Q: 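There's a structure below that I have some questions on.
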Amino acid sequence: GAVVSQHPSRVICKSGTSVKIECRSLDFQATTMFWYRQFPKQSLMLMATSNEGSKATYEQGVEKDKFLINHASLTLSTLTVTSAHPEDSSFYICSASDPQKPMNTEAFFGQGTRLTVV
Amino acid sequence: DAKTTQPPSMDCAEGRAANLPCNHSTISGNEYVYWYRQIHSQGPQYIIHGLKNNETNEMASLIITEDRKSSTLILPHATLRDTAVYYCIVRDYNQGGKLIFGQGTELSVKP
């Protein structure tokens, strides 16, 4: 079946640096991908919708200049956490659906990226 | 905001059926109910979805009430590996099909 893959699965970075997280659809072309963030003991919070070839759509309260999203190809979306701070430490997850299938089919999720900012 | 409400936690004995309820009283006519689960530190795993008819697959059964205002996910023979947080989601196709997660139900399957 369709698979969404994230890389890296874990990353530790120093405060003030930037970190890039990749999300790939492995056997389908995803025109739209979604990025989520999850803090410990909490649910997934939608951050933004990544659209291939156009600007991402951010949810209210999410800083677009801090969380840069690039969806330059049909199989790859990247999330860059810029000038990371310890409060950005979280579990970041992407998801995508196969646009060739009807809307009422499953969305696939990546395995997540654990970001720790020290 | 999420359109669903679920109990925060439930326990189930291993080998017994786990019945997880979900309320979605504001669901619209063409919106599907999806169920995902998340095991600690992993991405959500798809379980099942439905519109108005009951659905069954190799993982679970989904029972949707006639008025569609609530549903129940049934794991027929729960195992210890079914311990996870289960999310009931109403998918919004008007906004690109994004999934808005509620708080979910933390299911603990006990020996």
Side-chain angles (χ1 to χ4, degrees), chain A residues 1-7 9-10 21 23-24 30-52 54 56-62 71 90-99 101-116, chain B residues 1-9 22 27-53 55 57-60 62 64 68 84-108:
Chain A
V3 176
V4 173
S5 178
Q6 276 183 249
H7 177 81
S9 57
R10 290 178 179 272
I21 302 169
C23 179
R24 295 181 184 273
T31 52
T32 302
M33 292 184 176
F34 301 97
W35 285 97
Y36 295 82
R37 179 169 57 181
Q38 185 177 33
F39 292 108
K41 301 291 186 181
Q42 295 187 22
S43 184
L44 284 76
M45 185 195 79
L46 180 66
M47 299 175 67
T49 302
S50 173
N51 304 298
E52 189 270 334
S54 65
T57 304
Y58 290 82
E59 296 297 306
Q60 190 173 10
V62 178
H71 194 152
S90 188
F91 192 52
Y92 292 86
I93 310 167
C94 69
S95 77
S97 300
D98 186 343
K101 294 185 177 179
M103 282 288 276
N104 59 325
T105 52
E106 63 191 281
F108 299 96
F109 286 80
Q111 69 271 40
T113 297
R114 175 74 59 192
L115 169 63
T116 302
Chain B
D1 290 342
K3 284 187 165 184
T4 60
T5 56
Q6 299 174 252
S9 64
C22 178
I27 192 170
S28 299
N30 294 325
E31 290 178 325
Y32 282 71
V33 178
Y34 282 75
W35 283 83
Y36 282 79
R37 71 181 182 184
Q38 186 181 29
I39 297 170
H40 182 62
S41 294
Q42 297 182 23
Q45 176 191 22
Y46 167 81
I47 301 173
I48 199 167
H49 73 280
L51 181 62
K52 52 185 178 182
N53 297 323
E55 301 288 342
N57 62 20
E58 65 278 4
M59 290 183 69
L62 174 60
I64 302 174
R68 302 211 321 123
V85 179
Y86 287 76
Y87 295 99
C88 168
I89 304 165
V90 171
R91 194 170 189 182
D92 188 346
Y93 294 120
N94 291 327
Q95 298 192 52
K98 60 186 178 183
L99 296 166
I100 304 298
F101 285 74
Q103 294 307 304
T105 295
E106 185 169 9
L107 175 68
S108 296

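This is a predicted model, so every value here is computed, not measured. In what follows, chains carry the letters A, B, and so on, assigned in the order in which the sequence lines appear, proteins first and then strands, with residues in each chain numbered from 1.
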Q: Quick check on A/Leu44 against chain B: is it the side chain, the backbone, both or neither that has a heavy atom closer than 4.5 Å?
A: both

Q: Heavy atoms only: give me the nearest A/Phe91-B/Gln38 pair and the separation to one decimal.
A: CE2-NE2, 4.1 Å

Q: So with a 6.0 Å cut-off around CG of B/Asn30, is the heavy-atom count from everything else above 12?
A: no

Q: With heavy-atom distances below 4.5 Å as the criterion, would you say the side chains of A/Phe109 and B/Gln42 are in contact?
A: no

Q: Take atom CD of B/Glu106 as the centre, draw a 6.0 Å sphere, and report whether it contains more than 12 heavy atoms from other residues, nucleotides or ligands.
A: no

Q: Which residues satisfy the salt bridge (charged side-chain N to carboxylate O under 4.0 Å, His left out) test with B/Arg68, sequence neighbours excluded?
A: none

Q: Working to the nearest 0.5 Å, report the span between NZ of A/Lys41 and NE2 of B/His40.
A: 7.5 Å

Q: Restricting to salt bridge (charged side-chain N to carboxylate O under 4.0 Å, His left out), what partner residues turn up for B/Glu55, sequence neighbours left out?
A: none

Q: Closest heavy-atom contact between B/Tyr87 and A/Ser43?
A: CE2-OG, 3.3 Å

Q: Is chain A contacted by the side chain of B/Glu31, its backbone, both, or neither, given a heavy-atom distance below 4.5 Å?
A: neither

Q: Can you measure from OG (A/Ser97) to CZ (B/Arg91) and round to the nearest 0.5 angstrom?
A: 4.0 Å

Q: Within the 4.5 Å heavy-atom criterion, are B/Lys98 and A/Thr57 side-chain neighbours or not?
A: no

Q: Give the member of A/Arg114, A/Gln111, A/Met45 that has the highest number of heavy-atom pairs under 4.5 Å with chain B.
A: A/Gln111

Q: Please state whether the side chain, the backbone, both or neither of A/Gln6 comes within less than 4.5 Å of a heavy atom of chain B.
A: neither

Q: Which atom pair, heavy atoms only, marks the closest approach of A/Ile93 to B/Gly43?
A: CG2-CA, 4.5 Å

